[in-house]
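Order of listing sets the numbers, starting from 1, for every ligand and every atom in it.
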Amino acid sequence: MKDKVLEILKDQDDFISGEKLSDRFDMTRANIWKYINTLKEEGYLIESVPRRGYKLVSSPDILSKGEVLPLLKTKYMGRDLYYFKTLDSTNNKAKELEEDLKEGSIIISEEQTKGRGRMGRTWISPNEKGIYTSIFLEPKGSPGDIGPLTLMGAGAVSKALDSYGVKSSIKWPNDIIVNNKKVGGILTEMSSELNKINHIIMGIGLNVSLDKEDIDEDLRSKVTSLKLEGYDLVRKELLAKILEEFEVLYDEFKNTSSISKTIDIVDSRLLGRDTRVRLISGPRIEEGLLVGLSPRGELLVEVDKEGLRNISSGEISLELDGIYL
Ligand code: BTN
């Protein structure tokens, strides 16, 4: 009901009286007042003037249904939206709700208390300072086909950042890099049988307005936020744009089995081409020269004493300005 009251306020250029609102929803004016107060607590600036009623002055940058859905330009991506103020991890919540979710459903939380990164790392997720979301996907195909999905997520984030004048690159396969530091990452998790994918949960984490103090001191040479790099972005708009870009890339994959749009994006912003990299796969570390990206999205590395190898999983580490990213 609170959302309905908000909708009316948003549709209205002028004041609307408490009486009109209570008639509209067939509830007491005291109840209307309660909803208005809840909205104010959420950060909505609502002017209330005796005998004139209520007027919405401004809306907060929160990622609720009421704020994100009106900005979406997608057909299905993100339209089924589950919003939480706090969660341990949006990927965990998506797993818990899997029975209720459908292709393109998203879980959003304003903060995560146990945000997860790749390789068992923690994802710092302070309240209302980032985008922490998980997209539920049901692609056809076998577990071996999902490698490019992570690239699609990274490509979509990087492309969305373009719209706001933020130049980013991609450290294969999933890191979004701005000014040689990480601002975002993708955590793709799969539930599958031997030859069949049940579903994919793609977690996207983006550091939007983290301050220096939010980032552990030992990580500050490698991790940053868009705000720390001088960009003041509106999270709800950025999220809507990411979903829009992601839908384009995912639809190509789903409808034609091609990933050429994804490859074009990632290839043109691949970090570390022609530089030496370390390949990390479990306890094994090898070195080589990063050559580029294959049409299937694998990383091409000229491995020392071996020759060209197509790498489809694992991580790389590369040196930039004396720092190993
Ligand atoms: C990485 O670069 O290590 C991947 C980071 C992924 C973080 C996101 S935030 C939303 C989703 N929920 C999680 O717990 N992790 C992912």
Please compare E189, M202, Q112 and report which has the shortest non-hydrogen distance to atom 9 (S) of ligand 1.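 Closest candidate by heavy-atom distance is Q112.
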Selection from M119, R116, E315, K171 by shortest heavy-atom distance to atom 16 (C) of ligand 1
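The option holding the nearest heavy atom is R116.
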Would you mind checking if [Y] and [X] are paired as a salt bridge, meaning a charged N to carboxylate O distance below 4.0 Å?
X    : Y    : answer
K129 : D211 : yes
K2   : E42  : yes
E287 : R276 : yes
E245 : K73  : no

*Centre of Y83's six-membered ring, under 6.0 Å away, within 45 degrees of the axis: is that where NZ or CZ of K93 sits?*
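No, a cation-pi geometry is absent between K93 and Y83.
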- Task: Quick one: look up the protein heavy atom nearest atom 3 (O) of ligand 1 and list residue, atom name and how far away it is.
- Result: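 Checked against all protein heavy atoms, atom 3 (O) of ligand 1 sits closest to R118 N, 2.6 Å.
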Starting from atom 11 (C) of ligand 1, locate the nearest protein heavy atom and write down its residue, its atom name and how far away it is, to 0.1 Å.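 Looking only at protein heavy atoms, the one closest to atom 11 (C) of ligand 1 is T90 OG1, 3.2 Å.
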Looking only at distances, please establish whether an N/O atom of ligand 1 is found under 3.5 Å from an N/O atom of [X].
X    : value
R121 : no
S134 : no
W123 : no
K182 : yes
K114 : no

field: Common cluster, I200/V248, ILVMFWY with side-chain heavy-atom separation under 4.5 Å
entry: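 Each belongs to a different hydrophobic cluster.
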